[in-house]
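One-based numbering, in listed order, for ligands and for the atoms of each.
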Amino acid sequence: MIRNSRLILALDVLDKERAIDLVSVLKDRIDYVKVGYPLILAAGLEVVEEIASMAPVIADLKIADIPNTNTLISEPVLAAGASGIIAHAFAGRDSLSACVDAARERGALVFAVTEMSHPGAVEFMAPLAEGLARLAAECRVDGVVAPATRPERIRLIRSIVGDRAIISPGVGAQGGSPRAALEAGADYLIVGRSITDSPNPAAVADAILSEIR
Ligand code: O7M
């Protein structure tokens with residue numbers, strides 16, 4: 001993985017021109033752009049191709065279906081130029097492996113979600129997170145998603161996934177601290193609204209970068 005800034009921009013905006021403007025301004029400050037359902041549904045899959053021509057894209061479709069459907073979801077988004085895809089681990093070994101296989105065929109990265117960052121994740125995901133992280137490692141994913149809102153959980157998941165990457169959402173708008181997430185073992189911070197909703201996205205990105213340097 002590219003590792004310069006350790007920032008992944010969550011590009012959850014609905015307007016394609018705004019999305020492209022944000023990437024133009026921010027591309028030298030981030031390692032990847034994470035594009036998910038909001039922008040892809042609003043602007044079409046072509047938006048992945050367009051953004052991928054400016055910065056590496058991780059497609060966040062949180063893929064969680066049967067293996068055959070997972071393959072059918074993964075392939076077009078990889079063909080559109082995504083450098084990585086994100087799948088849920090909870091759908092099980094065969095489903096996650098289908099995403100790993102699709103990514104490998106394209107030389108792309110694959111990440112598995114373990115425990116999510118929002119409060120509701122403690123209801124069902126947290127009790128399963130260690131098993132999900134173990135499964136992700138066994139399926140040879142490149143990395144896992146773990147919550148910056150609960151740095152102690154990043155620490156636990158790090159102890160399971162070894163040197164696989166941990167990408168961590170939940171800083172800023174969801175209340176997590178960039179520095180605490182990295183100190184707990186995250187490799188990358190996924191940051192959306194605190195940058196994209198700001199009147200000065202570059203200044204916010206720069207402030208986060210200086211906090212974590
Ligand atoms: O910084 P925010 O809160 O505006 O955006 C965070 C982004 O990370 C947004 O795109 C979420 O969908 C995503 N995310 C979480 O917030 N929590 C999770 O547990 C997982 C993700 C994610 O990216 O999963 C792959």
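- Note: no N/O pair closer than 3.5 Å links Glu115 and ligand 1 by distance alone.
- The ligand atoms of ligand 1 that sit less than 4.0 angstrom from a heavy atom of Ala10 are 7 (C), 10 (O).
- Note: an N/O pair closer than 3.5 Å links Gly192 and ligand 1 by distance alone.
- Here is the list of ligand 1 atoms found below 4.0 Å of a heavy atom in Ile86: 25 (C).
- Residues Val204 and Val25 are members of one and the same hydrophobic cluster, defined by side-chain heavy-atom contacts under 4.5 angstrom among Ile, Leu, Val, Met, Phe, Trp and Tyr.
- Between the side chain of Tyr32 and the main chain of Ile190, no donor-acceptor pair closer than 3.5 Å is present.
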Evaluation steps, side chain to side chain contact (heavy atoms under 4.5 Å, CB included), between Leu78 and Glu75: CA-CA 5 Å; Leu78 290 162; Glu75 283 178 347; 5.6 Å; no
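- Arg29 and Asp206 are joined by a salt bridge, as a carboxylate oxygen and a charged side-chain nitrogen come within less than 4.0 angstrom of each other.
- Under a 3.5 Å cut-off, the side chain of Thr114 and the backbone N or O of Val145 do form a donor-acceptor pair.
- Using modelled atom types, no side-chain atom of Arg150 and backbone atom of Ile154 make a donor-acceptor pair closer than 3.5 Å.
- Ranking protein heavy atoms by distance to atom 16 (O) of ligand 1, first place goes to Gln174 NE2, 2.8 Å.
- The structure places OG1 of Thr149 at 6.5 Å from CD of Gln174, a figure rounded to the nearest 0.5 Å.
- Remark: ligand 1 atoms within the under-4.0 Å shell around heavy atoms of Asp60 are 22 (C), 23 (O), 24 (O), 25 (C).
- Each of the atoms 8 (O), 14 (N), 15 (C), 16 (O), 17 (N), 18 (C), 19 (O), 20 (C), 21 (C) of ligand 1 lies under 4.0 Å from some heavy atom of Pro169.
- Heavy-atom proximity to Asp12, at under 4.0 Å, picks out these atoms of ligand 1: 9 (C), 10 (O).
- At under 3.5 Å, not a single nitrogen or oxygen of Ser194, backbone or side chain, sits near a nitrogen or oxygen of ligand 1.
- Numbered from 1 in the order shown, with element, the atoms of ligand 1 that lie under 4.0 Å from a heavy atom of Lys62 read 12 (O), 21 (C), 22 (C), 24 (O), 25 (C).
- Close N/O approach between Lys34 and ligand 1 is found [any backbone or side-chain N/O within under 3.5 Å].
- Against a heavy-atom cut-off of under 4.0 Å, Arg193 is close to the following atoms of ligand 1: 1 (O), 2 (P), 3 (O), 4 (O).
- Of all atoms in ligand 1, numbered sequentially from 1 with element shown, those under 4.0 Å from a heavy atom of Ser117 are 15 (C), 16 (O), 17 (N), 18 (C), 19 (O).
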Determine whether Ile86 and Val113 satisfy the following criterion, side chain to side chain contact (heavy atoms under 4.5 Å, CB included), listing intermediate values before the conclusion. CA-CA 7 Å; Ile86 299 178; Val113 179; 3.8 Å; yes
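- Here the straight-line distance linking atom CG of Asp101 with atom OG1 of Thr71 works out to 7.5 Å at 0.5 Å rounding.
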